[in-house]
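The structure appears right after this line, and notes come after that.
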2 protein chains.
Amino acid sequence: MKEQPWWYGRLKDSGARLTEPREIVLEILRSAREHLTATDIYIQAHRMKPSIGLTTVYRTLELLIKLGIVQKFELGEGKARFELVDKPGGEGHHHLVCLKCRKIIDYSDITNDEKEFLSRVEDRLKRKYDFKILDHLMWFYGVCRECRGS
Amino acid sequence: MKEQPWWYGRLKDSGARLTEPREIVLEILRSAREHLTATDIYIQAHRMKPSIGLTTVYRTLELLIKLGIVQKFELGEGKARFELVDKPGGEGHHHLVCLKCRKIIDYSDITNDEKEFLSRVEDRLKRKYDFKILDHLMWFYGVCRECRGS
DNA sequence: TAAAGTATTGGAAATGATTTTCATTATCAG
DNA sequence: CTGATAATGAAAATCATTTCCAATACTTTA
């Protein structure tokens with residue numbers, strides 16, 4: 001029997017059904033090289049199964065976000081982008097954005113250094129602001145080699 | 001003669017005029033305790049000078065963003081929020097977001113620990129991805145005391 | 001298995017933030 | 001002062017996202 005993706009159980013446990021539109025959206029997200037907008041996903045989904053509606057794409061994304069399977073980003077473009085969350089127990093990843101071409105690189109070479117640092121910061125925030133920290137996100141902005149010229 | 005705010009020169013150098021609507025928007029941002037939406041700013045501005053239009057608020061924000069005076073954020077609310085950028089040479093600050101009430105705390109207790117860590121990471125990214133890092137942003141997500149219940 | 005209840009779906013319409021258009025007004029250089 | 005340019009505001013247009021609602025699909029219960 002085939003290995004199920006990590007989010008399979010989470011979906012099932014929630015009581016939600018793994019319907020074809022949902023499978024399609026998940027498959028598109030899984031194989032995406034970049035962060036897709038709802039419309040990007042809709043276009044691809046529609047190609048695979050023309051009956052799928054944009055509303056369903058939005059609803060599916062909403063469900064997956066609520067279940068912690070998908071993460072939503074907004075980068076000031078006036079529309080959101082979506083990405084499959086890292087497998088739990090994985091390292092997480094950060095983002096590197098080119099300010100010129102808007103290219104986004106996901107990187108996940110998280111060193112121990114980094115991990116320790118983050119837990120120290122989270123500790124500090126917890127004590128100082130009485131926030132229970134659940135997650136964090138780091139964005140680095142810069143200019144990629146191509147956009148800097150030769 | 002009165003001390004000009006740090007962004008004054010930047011605005012002048014760009015060739016833009018410091019008009020009344022622009023002054024009003026800047027003043028609102030300066031005295032804001034939280035991150036305001038364009039409409040929030042419009043409402044306050046309108047109170048101070050009823051002839052100001054929403055369009056002008058948007059246009060002013062766009063200009064200030066281009067000049068690096070204002071930063072735009074989106075937090076998945078379907079609308080953007082705006083914040084005056086830190087005075088150059090300052091320490092920068094990070095954000096702490098409550099996932100329940102969406103409250104945002106800006107914090108700027110940047111420790112040396114943190115500063116060193118960030119420069120190490122930036123170095124590493126520079127070497128590995130050949131990105132010239134110009135800036136970074138850290139977001140921490142959690143639940144504030146009030147939203148966790150007593 | 002059939003009936004009934006619930007979850008899911010898709011299209012159309014509604015919403016709401018942001019942008020564009022365009023005519024008017026304010027400011028600056030000569 | 002005069003012409004050129006920048007800035008403004010109202011209304012209309014856009015565009016992403018949400019809401020409504022009627023039709024389907026699946027699951028459970030009798």
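Reminder, nothing fancy here: chain letters follow the sequence lines and each chain counts from 1.
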- Item | Proximal nucleotide (of D/dT8, D/dG9, C/dG10) relative to the A/Ile52 side chain |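 The listed nucleotide nearest to A/Ile52's side chain is C/dG10.
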
- Among C/dT18, D/dT17, C/dA7, find the nucleotide with the atom closest to the side chain of B/Ala38.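 Nucleotide nearest to B/Ala38's side chain: C/dT18.
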
Is the phosphate of [N], meaning OP1 or OP2, less than 4.0 Å from a side-chain N or O of [X]?
X       : N      : answer
B/Thr55 : D/dA10 : no
A/Thr56 : C/dG10 : yes
B/Tyr58 : C/dT19 : no

- Query: Starting at the 5' end of DNA chain D, which residue's closest nucleotide do you reach first, B/Thr19 or B/Gly76?
  - Reply: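 Counting from the 5' end, the first nearest nucleotide belongs to B/Thr19.
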
- Residue mapping more 5' on DNA chain D - nearest nucleotide basis, B/Pro50 or A/Ala80: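 By nearest-heavy-atom nucleotide position, the 5'-most residue is B/Pro50.
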
- Message: Need one value for A/Thr39: base, sugar-phosphate or nothing, where a base atom within 4.0 Å counts as base even if backbone is also close, heavy atoms only.
- Response: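 Answer is nothing: A/Thr39 stays at 4.0 Å or more from every strand.
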
- Task: Indicate, with a heavy-atom threshold strictly under 4.0 Å, whether A/Arg22 touches base, sugar-phosphate, or nothing.
- Result: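 Since only primed, P, OP1 and OP2 atoms lie under 4.0 Å of A/Arg22, the category is sugar-phosphate.
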
- Side-chain donor or acceptor of A/Asp123 paired with backbone N/O of A/Arg120 under 3.5 Å: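 No: the side chain of A/Asp123 does not pair with the backbone of A/Arg120.
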
- Message: Is it the case that atom NZ in B/Lys132 sees more than 12 heavy atoms from other parts of the structure closer than 6.0 Å?
- Response: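 No, because the 6.0 Å sphere around NZ of B/Lys132 holds 12 heavy atoms or fewer from other groups.
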
- Item | side chain to side chain contact (heavy atoms under 4.5 Å, CB included) partner of A/Val25, the single match among A/Ile41, A/Leu36, A/Ile52 |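 Of the listed options, the one satisfying the test is A/Ile41.
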
- Query: Any ion pair linking A/Arg30 and A/Glu27 (charged N to carboxylate O, less than 4.0 Å)?
  - Reply: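 Judged by the 4.0 Å cut-off on N to carboxylate O distance, A/Glu27 and A/Arg30 do form a salt bridge.
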
